[in-house]
Amino acid sequence: SVRWGLIGASTIARQFMIDAIRAQADGEVAAVMSSNSERAKAYAHENGIPAAVSTLDALLGADIDAVYISTTNELHLEQGLAAIKAGKHVLCEKPLALTSDDARKMVAAAKAARIVFGTNHHLRNAGAHRAMREAIAAGRIGKPVAARVFHSVFLPENLQGWRITRPEAGGGVVLDITVHDADTLRFVLGDDPVEISAFTQSAGMAGGGLEDGAMCIWRFKSGVIAQSHEGFTTKFAGTGFEVHGSEGSLIATDVMTQKPVGSVLLRTASGEEELSFDREDLYTRSLRQFHAAIRGKGQPSATGEDGIWSLASAEAALQSAKTGKTVSIDPKL
Ligand code: NDP
């Protein structure tokens, strides 16, 4: 079995990841670490986790095989490096760190230690996104020309904390959502971005100089151009993802989300077709791939390198917004 230690008593673990681990035939949540011992105990009790600890050493000293890191973003680097050093496999939340330089350090350390390292980009596990990727790879829209990502949401009240108040914790919508859009665009297009131009805003929710809205324009290696919109303040926008090609368009609705919902329409000269796809929970699929990788079969659905790509993209977007210039995206891999 794979015994997991949770680093961080987080909302995402409680809402999705504990269940995803337990959905594996060989997955066990063995321990949770919170910086506060009372919170660790309460969280463990609430979620039926046998051990609660309040230091990283105690967690890494426990009988565990892998850690899932879902603390605030400034902590991922140090916790990730310590877990790697302790020989644990690491599934780390996005962004992997606050800078792509730091993310590269983690990924290099993981490689040297020969442990499995993954980035928890859930969207590439969605049936909708996999159906789009397959349709494009099969030539069903001809040559891809342009993509549009609609990923501006309303940050729920229970999450209106560090994301909108703490720059030092890696708050802001770009490190929160643009990283996902970077990964999803790369995955669906099967292409890598080369440059980005971005505008950001503070539309009334985020403070401390943080942005709560962003619009980005991307250029990909193949020549595809894309636009993406990320936000925390739009209650009624809905989400979507479109890829337009020489012979057809893919129009996906309600797919930039944590749930296996939404629809994908293929429109070509021969009419419109609703693509069918599996509705498996995104995080459960991600965990299954990760467990397989531990057994030596394949890779996590999003690797450390994928996490470096998404963070390098977000970094470039922030720099572009700050300087008013187009910035090249270089993951230095
Ligand atoms: P939370 O705010 O829920 O948790 C982050 C940290 O905040 C926890 O580790 C915890 O610290 C502390 N905390 C949580 N609740 C409380 C509380 N009631 N009082 C005091 N402190 C508290 O963050 P999220 O779960 O939203 O995000 C965590 C990470 O996961 C981030 O890196 C984020 O980017 C990522 N994420 C990824 C998603 C995905 O789909 N891939 C979706 C959502 C988030 P401690 O552990 O020390 O107790």
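Counting convention: from 1, in listed order, for ligands and their atoms alike. Residue numbers count from 1 along this sequence.
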Among Glu93, Gln258, Lys94, closest by heavy atom to atom 34 (O) of ligand 1 is Lys94
Closest to atom 48 (O) of ligand 1 among protein heavy atoms sits Ser34 OG, 2.5 Å
Applied to residues 56-99, the ring-ring contact (aromatic ring centres under 6.0 Å, His included) test, sequence neighbours excluded, yields none
Quiz prompt | Arg166 atom CZ, over 12 foreign heavy atoms within 6.0 Å | solution = yes
Counting both backbone and side chain atoms, is some N or O of Thr72 under 3.5 Å from an N or O of ligand 1?
no
Under 4.0 Å between heavy atoms, the region of Phe16 that gets near ligand 1 turns out to be neither
Numbered in order shown, the ligand 1 atoms found under 4.0 Å of a heavy atom of Thr71 are 9 (O), 28 (C), 29 (C), 31 (C), 32 (O)
Quiz item: For residues Thr184 and Asp181, is any side-chain donor paired with an opposing acceptor at under 3.5 Å?
Solution: no
among protein heavy atoms, the one nearest atom 27 (O) of ligand 1 is Arg163 NH2, 3.7 Å
Leu159 heavy atoms within 4.0 Å reach ligand 1 at atoms 26 (O)
of all protein heavy atoms, closest to atom 25 (O) of ligand 1 is Ile12 N, 2.9 Å
of all protein heavy atoms, closest to atom 2 (O) of ligand 1 is Trp162 NE1, 2.9 Å
Checklist entry - Are Glu230 and Thr178 linked by a side-chain donor-acceptor pair shorter than 3.5 Å? => result yes
Q.
Is there a polar contact, in the sense of an N or O pair closer than 3.5 Å, between Ser35 and ligand 1?
A. yes
Arg14 to Tyr43 six-membered ring, cation-pi geometry met (6.0 Å, 45°): no
In Glu272, Glu247, Glu274, the residue satisfying salt bridge (charged side-chain N to carboxylate O under 4.0 Å, His left out) with Arg267 is Glu272
- Task: Consider every N or O of Ala9 and every N or O of ligand 1, then say whether any pair is closer than 3.5 Å.
- Result: yes
Asp26 and His291: side chain donor to acceptor below 3.5 Å: yes
Among Asn120, Thr257, Leu96, the residue with a heavy atom nearest to atom 41 (N) of ligand 1 is Asn120
Any N/O pair Arg39/ligand 1 closer than 3.5 Å: yes
So for Ile7 against ligand 1, with non-hydrogen atoms under 4.0 Å, the contacting part is neither
query = Less than 4.0 Å between a side-chain N and a carboxylate O, is that true for Lys105 and Asp102?
reply = yes
With sequence neighbours left out, the residues meeting ring pair (Phe, Tyr, Trp, His ring centres under 6.0 Å) with His122 are His180, Tyr283
Quiz item: N/O to N/O below 3.5 Å, does that happen between Ala13 and ligand 1?
Solution: no
Rounded to the nearest 0.5 angstrom, the CZ-CG distance for Phe117 and Leu96 is 4.5 Å
Quick look: Tyr43 vs ligand 1, heavy-atom contacts under 4.0 Å, and the answer is neither
